[in-house]
Amino acid sequence: MYNKYAYEKYVGKNNEKLETFSKDYIDFLSRSKTERIFTKNSVELAEKFGFKNIEEVKSLKAGDKVYSLNRGKNIALFVIGKEPIEKGLNILGAHIDSPRLDLKQNPLYESTGFALFDTHYYGGVKKYQWVTIPLALYGTVYKKDGSEIEVAIGDHEDDPVFGISDLLIHLSADQLQKTAAKVIEGEALDLTMGSLPLKEGEKDSIKANVLKILKDKYDIEEDDLSSAEIEVVPAGRAREYGLDRSMIAGYGHDDKVCAYTSLRAILEVEKPERTSCCILVDKEEVGSIGATGAQSRYFENLIAEVMNLKGEYSELALRRALTNSRMLSSDVSAGVDPLFLGVNELKNSAYLNKGIVFNKYTGRAGKGGCNDASPKFIAHLRKIMDEDGIYYQTAELGKVDQGGGGTIAYILANLNMDVIDAGISVLNMHAPMEIVSKIDVYEAYLAYKTFLIKG
Ligand code: MN
Ligand code: MN
């Protein structure tokens, strides 16, 4: 099962389960483009599987299923094990934020016959990929009275879409001399919002018209945008990809594909030996910072709460629980792309259709900033994956000195637990349309389930 294409298991076989799972994922991804909505939809799904909000339970015992929410952007789920939690948890951790454009706090302006929204990009984006594609707006506006208004425009079939313009080729002589990093500048990523005035002849009347629509339709005033988080993401649903329909094209596979497969895995765990946990975090694409990122104390505090509800809390027991835990940092890997072979060392690269990818380390240059998983832990994972017939591969993030990146792995490993990166190969990572293979999605889900039960 190691380092082989998973064709033997699927090609020419009855793949009903895989196809059903893919359909479910395509639907969930299409409806869950931001961390907020992903969290909300995760709660809805978890409740169908019998999970309860931890704030509503008085005590916990083996077999109980609970979830916890952090500021609407971060969710953790638990299936309580038979062993004391002090013996450690089996944890799946993924992130649910994806590269995108955020509206600035004072976004709206008018220029030469148009009203526009100013944005600030979030995470690592190739800016030129975000122009001349249909875009949607999702987010939350808080009014001074504490009320919350949800915004979602661009994915319903009757909605308008938005976009960012690019220069026509006919006048691009100067633009095309620029490097790709500069061909579209960060400050040029402004969204076209309208072109008609509220009243002809008045100054800034096109802007006024946009404000009137926001007021009429959503009860949002211009100042309210200063206490809002509105994200600009590609419009449209995820789709099957390729004539053989073997892949899935969509926005936000990084890292919602690992988040969804991890979520599905924990939803189906019943009465495990060790307590199962799945934590889905925000802010990975900008360094895992803040209250809802992986560096937040939220996770440690929550384990303490869970132990307390099970009657097992002490500071020492909590420290032991963290030390004895094992974790898969479920995050995507850079799949080998036949059009860009030069960036990979091919025997240590991730391939589509070879199953889940284990990265002992990520990082850049001399492994800078990586988590470096223990070989003993890797041997244990090899054993349980082989036992359950799960396809897996090992990889690095590109050739040495080609670039690099990181995940949340080292952050949880800092709590002194065993952690390894384990995720799904992606093509076009961070582009508005990313690609994964259906086989890998399904194999990752199986691998995550095996880890929670036997890891
Ligand atoms: Mn990621
Ligand atoms: Mn990423």
Side-chain angles (χ1 to χ4, degrees), residues 25 29 32-35 38-39 42 73-75 91-102 121-127 129-130 231-234 238 248-263 278-290 292-296 327-335 337 343 349-350 352 356-364 368-371 373 395-398 402-413 419-437 440-441 444 447-448:
Y25 172 55
L29 182 66
S32 312
K33 292 184 183 178
T34 69
E35 59 283 355
F38 197 105
T39 298
S42 299
K73 299 169 75 169
N74 187 189
I75 180 171
I91 304 164
L92 298 171
H95 68 92
I96 50 179
D97 60 318
S98 302
R100 61 177 190 252
L101 314 176
D102 288 338
Y121 65 95
Y122 172 96
V125 301
K126 287 180 163 180
K127 283 160 255 186
Q129 293 177 333
W130 290 76
E231 305 181 11
V232 184
V233 296
I248 300 168
Y251 163 70
H253 286 313
D254 179 8
D255 184 32
K256 296 178 177 86
V257 69
C258 297
Y260 180 76
T261 44
S262 296
L263 176 67
C278 169
I279 175 155
L280 305 179
V281 293
D282 176 32
K283 292 284 181 283
E284 193 275 344
E285 297 294 357
V286 292
S288 297
I289 39 70
T292 54
Q295 296 191 53
S296 165
M327 177 187 181
L328 298 186
S329 163
S330 313
D331 205 345
V332 293
S333 271
D337 183 335
V343 299
S349 294
L352 266 67
I356 190 165
V357 187
F358 289 103
N359 297 97
K360 186 177 188 299
Y361 45 83
T362 55
R364 52 180 70 239
C370 76
N371 165 62
E396 296 196 12
L397 181 48
Q402 185 64 44
T407 66
I408 64 169
Y410 77 95
I411 299 164
L412 280 295
V419 183
I420 188 168
D421 279 297
I424 293 165
S425 304
V426 173
L427 297 187
N428 307 352
M429 199 189 293
H430 286 203
M433 183 182 80
E434 299 177 320
I435 309 299
V436 294
S437 115
D440 293 337
V441 173
Y448 293 148

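Values in this document were obtained by computation on a predicted structure and should not be read as measured data. Counting convention: from 1, in listed order, for ligands and their atoms alike.
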**Q** Which heavy-atom pair separates Glu285 from His95 by the least distance, and what is that distance?
**A** OE2-CE1, 3.1 Å
**Q** Which of the protein's N, O or S atoms come within less than 2.8 Å of the Mn ion (ligand 1), not counting waters?
**A** His95 NE2, Asp254 OD1, Asp331 OD1, Asp331 OD2
**Q** Quick check: closest heavy atoms across Arg364 and Gly404, and the distance to 0.1 Å?
**A**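 Heavy atoms of Arg364 and Gly404 come nearest at NH2-O, 3.2 Å.
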**Q** Under the ring-ring contact (aromatic ring centres under 6.0 Å, His included) test, which residues partner His253, sequence neighbours left out?
**A** Tyr25
**Q** Kindly give the heavy-atom pair with the smallest separation between Ala373 and Val419, and that separation in Å.
**A**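 Looks like CB-O, 3.3 Å.
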**Q** Given salt bridge (Lys or Arg N to Asp or Glu O under 4.0 Å), test Arg100 with Glu35 step by step and report yes or no.
**A** CA-CA 11 Å; Arg100 61 177 190 252; Glu35 59 283 355; 3.2 Å; yes
**Q** Tell me, do Tyr121 and Pro99 make a side-chain contact under 4.5 Å, heavy atoms counted?
**A** no
